[in-house]
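Working notes, beginning with the structure itself.
All values below come from the heavy atoms of this structure, side chains included, with hydrogens, waters and symmetry mates left out.
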Amino acid sequence: MTSKAWGGRFQGEAIEWVDEFNASIHFDNALIEMDVAGSIAHATMLAKQDIITKEEKDEITDGLKAVLQDYKNGDLEFSVKHEDIHMNIEHALIEKIGETGGKLHTGRSRNDQVATDMHLFVKGRVHEIIESIELMQKTILGLAKGNIHVVMPGYTHLQRAQPVLFSHHIMVYFWMLKRDKERFQDSLKRIDLSPLGAGAISGTTFNIDREETKNLLGFSDLYQNSMDAVSDRDYIIETLSNISLVMVHLSRLSEEIIFWMSEEANFIQLSDQFTTGSSMMPQKKNPDMAELIRGKSARTTGALTSMLMLLKGLPLTYNKDMQEDKEGLFDAITTVTGSLKIMNGMLDTMTINEDVLEKTVEEDFSNATELADYLVQKGVPFRNAHEVVGKVVLKCINTHKYLKDLSLEEFQTEHEAIEEDIYEVLTPKVVVDRRNSTGGTGTKAVKEQIEIAENTL
């Protein structure tokens, strides 16, 4: 018997470094549990359809379980001569139980086998990602509820815009993650399809039962076209796209954390667990974990782009190029799950410098819009009010003052409609709490937002 699954057609022995180049066992061994599960389901179906005997099925099943246990015990050696996880397992099975192991591949190709493994793998990992997202959402909710009255500057163009509640700001990422979670949940209906039984390209002449293996493996539906079953990698692209978007969101939050922790802002402090020092400058405390997450977003986007380029020129059905669908996906899944865990830990142990935030919003012009709105409520057209406030701000800048430092007389020089109540109106807390429109930053509106968010979980 030849050492290659396909060796009967070939006379010459492969060069060793060609075997190495051709092999995928050094990375697709991550699929071993899925491969064993798929093979047990296939053998069970073959016996039910009287294609193999019940005794052969039991021998194969016990052998597969023993091979998997050998792997867990560290006693299973993989070889590039057997190319991939599928043939390494089959080789180990035949070594354990003899020629009966060779009957396992009846009515099956490595094409539908690897597709089945990948569907099972992606399905399991997507559920894990969803759980990690929900854990981070809960941490964000806790931060928002625990800091419901903390006011901070809100930015546009990274310039002070209007004061907002910290709880309102951090809740943005709850809703980003909610959309991420929904995208993963929706993708499951396209991931949860069984390709098993599609064969190499056109099905099989054996009287197999694809519904049986679908049910045994917990899939919700079947591919209805054998060629589509072995060539579809859309679900991998979709998963990589969803991962990339999560990483973009985590990268944006990382950027904010990095800025908030800078000495120029000093809005927060991160736990020592999630920071590092400098080998030269002993005073440094660097937000390296946030920077790494920001950097790792490039890896996942790269994996997505690589997968798109991999498929764009491929004819139907299976091509060896598709062996390259795994490493980028495996790495992206590891990256996003690790990043979610690290970010969750950073947020959970983060300290908010309330005194700094309070002082910051007292010493800027982020309440200028409130003065414009105040004039509008006095009957002044908004465009006119905008111009008046611009002149008032310019006066403050020239005299090194903030709006609340101006006397009533100075205000009234610019517009007579301004009255004594303007000082309360310009107080940051009042500025915030007047914005109670749905989705606004007012305390009442944010509490309603948090309640809605809790209900979505």
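Open room surrounds CZ on R252; 12 or fewer heavy atoms of other groups in view lie less than 6.0 Å from it. K341 NZ: 12 or fewer foreign heavy atoms inside a 6.0 Å radius. More than 12 heavy atoms of other residues, nucleotides or ligands sit less than 6.0 Å from atom CD of Q283. By the neighbour-count criterion of 12 heavy atoms within 6.0 Å, atom NZ of K429 is densely surrounded, having more than that number from other residues, nucleotides or ligands.
With respect to the salt-bridge test (charged N to carboxylate O, under 4.0 angstrom), the residues K65 and D62 do not qualify. Checked for salt-bridge contact, E448 and K444 meet the test: a charged N lies under 4.0 Å from a carboxylate O. Ionic pairing of D186 and K189 is present here: one or more N-O contacts between side-chain nitrogen and carboxylate oxygen are shorter than 4.0 angstrom. Classification of D28 and K326 as a salt-bridged pair fails, no side-chain N sitting under 4.0 Å from a carboxylate O. Here D84 pairs with R110 in a salt bridge; the nearest charged N to carboxylate O distance falls below 4.0 Å. Under a 4.0 Å N-O distance rule, the pair D192/K123 qualifies as a salt bridge. With respect to the salt-bridge test (charged N to carboxylate O, under 4.0 angstrom), the residues D373 and R435 qualify. A salt bridge links K54 with D58: the distance from a Lys NZ or Arg NE/NH1/NH2 to an Asp or Glu carboxylate oxygen falls below 4.0 Å.
Between I89 and V67, the closest heavy-atom pair is CG2-CG1, 4.4 Å. Heavy atoms only, all atoms of each residue included: F78 and L76 are closest at CE2-CD2, 3.6 Å. Residues S278 and M281 share a closest heavy-atom pair of OG-N, 2.9 Å. Contact record, D112 with G197: OD2-N, 2.8 Å, taken as the closest heavy-atom pair. The two residues P428 and V151 have their closest heavy-atom pair at CB-CG1, 4.4 Å. Scanning both residues, L316 and S231, for their nearest heavy atoms gives CD2-OG, 3.4 Å.
Side-chain polar atoms of D348 and T139 form no donor-acceptor pair below 3.5 angstrom. Residues H169 and E256 bring a donor and an acceptor atom of their side chains to less than 3.5 Å of each other. There is a side-chain donor-acceptor pair under 3.5 Å between D35 and Q113. Donor-acceptor pairing under 3.5 Å is lacking for the side chains of H82 and E90. Looking at D433 and T443, their side chains do bring a donor and an acceptor atom within 3.5 Å of each other. Side-chain contact, R108 with S39: a donor N or O sits under 3.5 Å from an acceptor N or O.
N29 contributes a side-chain N or O that, together with a main-chain N or O of I25, makes up a donor-acceptor pair within less than 3.5 Å. Between the side chain of D75 and the backbone N or O of D70, no donor-acceptor pair lies under 3.5 Å. Distance alone, capped at 3.5 Å, places no donor-acceptor pair between the T301 side chain and the A298 backbone. The backbone N or O of L196 lies less than 3.5 Å from a partner atom in the side chain of R210, making a donor-acceptor pair. Looking only at distances, no side-chain donor or acceptor of S167 sits under 3.5 Å from a matching main-chain atom of K145. No donor-acceptor distance shorter than 3.5 angstrom exists from the side chain of S251 to the backbone of M247, with no hydrogens or angles considered. The closest donor-acceptor contact from the side chain of N436 to the backbone of A445 lies under 3.5 Å. Although no hydrogens or angles enter the test, the distance criterion places a donor-acceptor pair under 3.5 Å between the side chain of S262 and the main chain of A265. With E56 contributing its side chain and T53 its backbone, the two residues share a donor-acceptor pair below 3.5 Å. Side-chain N or O atoms of T300 include none that pairs as donor or acceptor with a backbone N or O of S244 at under 3.5 Å.
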Could you give me the CA-CA distance, side-chain angles and deciding distance for L253 and M176, then say whether side chain to side chain contact (heavy atoms under 4.5 Å, CB included) is met? CA-CA 11 Å; L253 179 52; M176 284 187 189; over 6 Å; no
Give the C-alpha distance, both sets of side-chain angles, the deciding distance and a yes or no for salt bridge (Lys or Arg N to Asp or Glu O under 4.0 Å) between E211 and K214. CA-CA 5 Å; E211 282 287 340; K214 179 203 82 173; 3.0 Å; yes
Under the side chain to side chain contact (heavy atoms under 4.5 Å, CB included) rule, what do I129 and N242 come out as? Steps first, then yes or no, please. CA-CA 10 Å; I129 293 169; N242 292 340; over 6 Å; no
What do the steps show when you test M261 against N266 for side chain to side chain contact (heavy atoms under 4.5 Å, CB included), and what is the final call? CA-CA 5 Å; M261 192 182 164; N266 193 28; over 6 Å; no
I'd like to know whether M346 forms a side chain to side chain contact (heavy atoms under 4.5 Å, CB included) with I342, so could you lay out the CA-CA distance, the side-chain angles of the two residues, the decisive distance to 0.1 Å, and finally the verdict. CA-CA 6 Å; M346 276 196 290; I342 290 291; 4.2 Å; yes
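Residue R294 holds its CZ atom at 13.0 Å from CG of L250, rounded to the nearest 0.5 Å. Rounded to the nearest 0.5 angstrom, M289 CE and L270 CG are separated by 10.5 Å. Atom OG of S24 sits about 6.0 Å away from atom NZ of K320, to the nearest 0.5 Å. Within the model, atoms CG of L311 and CG of D232 stand 9.0 Å from one another, a figure rounded to the nearest 0.5 Å. To the nearest 0.5 Å, the span separating CD on Q137 from CH2 on W175 amounts to 8.5 Å. With values rounded to the nearest 0.5 angstrom, Q269 atom CD is found 6.0 Å from N353 atom CG.
Results of the salt bridge (charged side-chain N to carboxylate O under 4.0 Å, His left out) test with R233 over D325, D321, D228 single out D325 as the only residue that passes. Residue V336 is tested with I243, L240, D180 for a side chain to side chain contact (heavy atoms under 4.5 Å, CB included); the sole match is I243.
Residues V150 and L165 are not in side-chain contact: their nearest non-hydrogen atoms beyond the backbone lie 4.5 Å or more apart. Using a 4.5 Å heavy-atom threshold, the side chains of N111 and I201 count as separate. By the 4.5 Å heavy-atom criterion applied to side chains, R190 and D234 are not counted as neighbours. Residues H168 and V432 form no side-chain contact, since every pair of their non-hydrogen atoms from C-beta on lies 4.5 Å or further apart. Using a 4.5 Å cut-off on side-chain heavy atoms (C-beta onward), L314 and M322 make contact. Using a 4.5 Å cut-off on side-chain heavy atoms (C-beta onward), I333 and E128 make no contact.
Ring geometry for F267 versus F259: interplanar angle over 60°, hence perpendicular rather than tilted (30 to 60°). A perpendicular orientation is assigned to the rings of Y223 and H119, their planes being inclined by more than 60° (bins at 30° and 60°).
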